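What you see is a predicted model, and the numbers here were worked out from it, not measured in a lab.
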Amino acid sequence: MDLLLRGVLAGLIGTVFMNLSSETEMHIRGRQPSVVPGRAANKMLSIVGVPQLEGAALKVLSTWTHYLYGAAWGVVLWALLSTLELPIAAALPLFFVIVWGTEQVELPALGLTPPSWKWGAKEVAIDLGHHVVFAIGSVVGWGLLGSV
């Protein structure tokens, strides 16, 4: 299997893991799904004149954006493991820091969330946990796909 494709698929697997984590947390807490990914996509698409989506269409856009974003992060995982040839023990924490750190900068920069220090410790811990699951799921996916 091509290593770049392996990275993209690993990112998708990580996204599935993260969605399972998020869905479980949403069920336990009784909260609605986040549409922040869709709002981010709306902002990016508005640059090229695409009208803003709302309601059910925004929820669908959020789902697709989340999976495409996860797949894109798989390219970073590929770069760490294949191009830079880092061992998994080094790549996993670095991958997590890059992914979570980017979220901490990009969402407030896009005006979609306040900075995380305003979320409260519980919300930061939950978000951190979902991203740990994503990073681990992506690395597990990378490993599983290597045996295909």
Side-chain angles (χ1 to χ4, degrees), residues 1-84 88 91-145:
M1 173 182 290
D2 175 67
L3 293 177
L4 181 56
L5 175 60
R6 182 178 171 190
V8 169
L9 293 174
L12 285 172
I13 291 169
T15 305
V16 169
F17 275 66
M18 185 179 191
N19 280 346
L20 290 171
S21 168
S22 181
E23 290 284 336
T24 302
E25 174 259 325
M26 286 186 318
H27 178 73
I28 291 169
R29 295 177 71 200
R31 74 166 177 85
Q32 294 297 309
S34 172
V35 292
V36 170
R39 293 195 192 287
N42 266 340
K43 285 206 176 230
M44 298 297 110
L45 292 170
S46 70
I47 294 169
V48 293
V50 175
Q52 301 288 292
L53 299 177
E54 292 295 330
L58 180 61
K59 290 177 184 178
V60 171
L61 180 61
S62 288
T63 299
W64 279 100
T65 301
H66 200 240
Y67 277 95
L68 291 170
Y69 192 68
W73 278 117
V75 175
V76 174
L77 182 62
W78 161 79
L80 295 174
L81 292 170
S82 184
T83 303
L84 297 178
I88 286 180
L92 175 59
L94 182 56
F95 181 61
F96 163 75
V97 167
I98 292 168
V99 171
W100 196 63
T102 299
E103 178 208 34
Q104 298 306 300
V105 173
E106 75 184 355
L107 294 181
L110 288 170
L112 298 171
T113 66
S116 60
W117 61 83
K118 294 184 177 182
W119 299 357
K122 181 179 178 180
E123 295 304 318
V124 170
I126 289 168
D127 185 65
L128 186 87
H130 291 317
H131 285 84
V132 166
V133 168
F134 170 74
I136 291 170
S138 297
V139 169
V140 166
W142 176 271
L144 291 172
L145 292 166

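Rounded to the nearest 0.5 angstrom, I136 CD1 and H131 NE2 are separated by 13.0 Å. Taken from CG in L12 to CG in L68, the straight-line distance is 8.0 Å, to the nearest 0.5 Å.
In plain terms, the two heavy atoms of T102 and I98 that are nearest each other are OG1-O, 2.6 Å. Pairing each heavy atom of S116 with each of Q104, the nearest pair is OG-OE1, 2.6 Å. For the pair F96 and A135, the tightest heavy-atom approach, listed with the atom from each and the gap, is CB-CB, 3.9 Å. The two residues L3 and S82 make their nearest non-hydrogen contact at CD1-OG, 3.0 Å. The two residues P108 and E103 have their closest heavy-atom pair at CD-O, 3.7 Å. Across all their heavy atoms, A40 and L110 have their closest contact at CB-CD1, 4.2 Å.
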Determine whether L5 and W78 satisfy the following criterion, side chain to side chain contact (heavy atoms under 4.5 Å, CB included), listing intermediate values before the conclusion. CA-CA 9 Å; L5 175 60; W78 161 79; over 6 Å; no
Give the C-alpha distance, both sets of side-chain angles, the deciding distance and a yes or no for side chain to side chain contact (heavy atoms under 4.5 Å, CB included) between S22 and F134. CA-CA 10 Å; S22 181; F134 170 74; over 6 Å; no
Yes or no on side chain to side chain contact (heavy atoms under 4.5 Å, CB included) for L144 and I13, after CA distance, side-chain angles and deciding distance? CA-CA 10 Å; L144 291 172; I13 291 169; 5.6 Å; no
Check the pair M26, Q32 against side chain to side chain contact (heavy atoms under 4.5 Å, CB included), reporting the backbone distance first and the verdict last. CA-CA 7 Å; M26 286 186 318; Q32 294 297 309; over 6 Å; no
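Within the structure, every pair that satisfies the salt bridge (charged side-chain N to carboxylate O under 4.0 Å, His left out) test and touches residues 118-134, not counting sequence neighbours, is listed here: R29-E123. Residue pairs satisfying the side chain to side chain donor-acceptor pair (under 3.5 Å) criterion with at least one member in residues 41-66, sequence neighbours excluded, are listed as follows: N19-H66.
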Show me, pair by pair, the donor-acceptor contacts under 3.5 angstrom made by side chains of residues 69-77, not counting sequence neighbours?
residue	atom	partner	partner atom	Å
Y69	OH	W73	NE1	3.4
Y69	OH	E106	OE1	3.3
Y69	OH	E106	OE2	2.3

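Under a 3.5 Å cut-off, the side chain of W119 and the backbone N or O of P114 do form a donor-acceptor pair.
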